[in-house]
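Letters go in sequence order (proteins before strands), and every chain restarts at 1.
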Number of protein chains: 2
Amino acid sequence: MKSSKKLRAKIIQAAKEVLAASEGGKISVKAIAKKAGIATGTFYLYFTNKEALLDTVVQELYAELLDIIKKERAAYTSVFDKLQASMEVCIRIFLKEKHLAKILLQYFPQITSAVNTKFTDIENDLIKFTKQDLDELLALKLIPEQDTLVSATAFVGTFREVILSWLNNGEPEDWDKALQTLIAYNMRGIGKRSEDW
Amino acid sequence: MKSSKKLRAKIIQAAKEVLAASEGGKISVKAIAKKAGIATGTFYLYFTNKEALLDTVVQELYAELLDIIKKERAAYTSVFDKLQASMEVCIRIFLKEKHLAKILLQYFPQITSAVNTKFTDIENDLIKFTKQDLDELLALKLIPEQDTLVSATAFVGTFREVILSWLNNGEPEDWDKALQTLIAYNMRGIGKRSEDW
DNA sequence: CCAAGCAATGAACGGTAATTCAGTATATGG
DNA sequence: CCATATACTGAATTACCGTTCATTGCTTGG
């Protein structure tokens, strides 16, 4: 009982490592158990089944991500600045923690889409948060009339695609320019007037 | 031997249908064989394995898509118009042929990512084509200095995300506005000057 | 020091799905 | 009408995986 929490955490950590290493996000309970240094049966003393573990892993990773973003946003007051800060920290985190990016952006849609909808929920969450920002900007007439849900979806989509492409095809040579391009793309995309920035 | 080509085509067609119908892109050789009206063993007289079939299916679907886009683009001379035509026809096709969208955007990344990289290749293709357009526009100074590879990636990403979201969460109520928003997002994103359109 | 209780084990079970192959049907050409 | 080749069949084989559970090892309170 003393080691209960610790072992649980170890299993979660092992799962993250196995996931990050495995091609295509394939993952087996046996592999996780091996990585965690336990027997397969032991796994079921800590999780009711494989899906419960995967749920936990996404929840954790997602919570970490959201937490970082929220903290970063808190430092700014203008919605444009908040958005820009979200973008920058998002890229920074995903490229520093590549395993996180691979798991959240690439593997989990595959892993969870069949049974539960957790991942879709997460993407939808991010989109919803972005939409709130856009609605606020729209209300202030700082961006032109638009379907803010579509814009928010497009916004999130650029990150998914760009970060995944960096993960799969290597990062850009001119990193500064790439980052600037991506941010500018979305700022222009939502319709921020250039005299404002 | 007479029926060889025909039966092969029939199997491919059956696979498309099974894929389109199945939730989550799960697909079994047995199901394909049943749909095609053959025994499971017969399948292996026409394809070396399941993966070979799936490769063929993506290749075919992708070729169809590209073909449609190319034909549409041919009707215009301005690169902006070509881009816009690509966007419109892409959305139109994907929403008319939802099974195609589901297969290309949702299922295949899951199905094929383990072994081959065909799907990533396909996305890269689309990005490359878009990049060519952007390079042309950049050379003509019609868009501002930017990392065109990043922009092209972002461009493609907006479509993936938006179309998938429409497939999963339902289409927008105000369809016109949504379409207009998406196109405007990308036109502004790449930096098309508003006095030009 | 022992026994009861708890944690951990990993072989075994049940299920699913890809692939094979010995056998069957069908067509062909002499 | 037979012999041969070719196409097809689907049950059996193989492989893998999630989950269970009878057994084993370990700890601890009396």
| field | Candidate list Leu83(B), Val156(B), Thr130(B), Thr158(B), test side chain to side chain contact (heavy atoms under 4.5 Å, CB included), partner Asn186(B), passing option | value | Thr158(B)
| Do the non-hydrogen side-chain atoms of Leu53(A) and Phe43(A) ever get within less than 4.5 Å of each other? | yes
Report the nucleotide, chosen from [options], that has the shortest atom-to-atom distance to any side-chain atom of [X].
X        : options                   : value
Leu45(A) : dA7(C), dG10(C), dA11(D)  : dA7(C)
Tyr46(A) : dA8(C), dT19(D), dT9(D)   : dA8(C)
Thr40(A) : dG10(C), dG10(D), dA18(C) : dG10(C)
Ala39(B) : dG10(D), dG10(C), dT19(C) : dG10(D)

Quick one: [X] [atom1] to [N] [atom2], roughly how many Å, whole number?
X        : N       : atom1 : atom2 : result
Arg8(A)  : dA7(C)  : CZ    : P     : 15 Å
Asn49(A) : dT20(D) : CG    : C1'   : 13 Å
Leu53(B) : dT19(C) : CG    : P     : 11 Å
Ile32(A) : dT19(D) : CD1   : C1'   : 13 Å
Tyr44(B) : dA17(C) : OH    : P     : 12 Å

| Between the side chains of Thr40(B) and Lys30(B), is a donor N or O closer than 3.5 angstrom to an acceptor N or O? |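 Distance-only check fails for Thr40(B) and Lys30(B).
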| field | Touch class at under 4.0 angstrom, heavy-atom based, for Thr42(B) against every strand present | value |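 Since a base atom lies under 4.0 Å of Thr42(B), the category is base.
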| task | Hey, which sits more toward the 5' end of DNA chain C by its nearest nucleotide, Ile38(A) or Lys30(A)? | result |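 Its nearest nucleotide being more 5', the pick is Ile38(A).
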| With no hydrogens and no angle check, is any side-chain donor or acceptor of Thr181(B) less than 3.5 Å from a backbone partner on Asp147(A)? |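 Checking the backbone N and O of Asp147(A) against the side chain of Thr181(B), a donor-acceptor pair under 3.5 Å is found.
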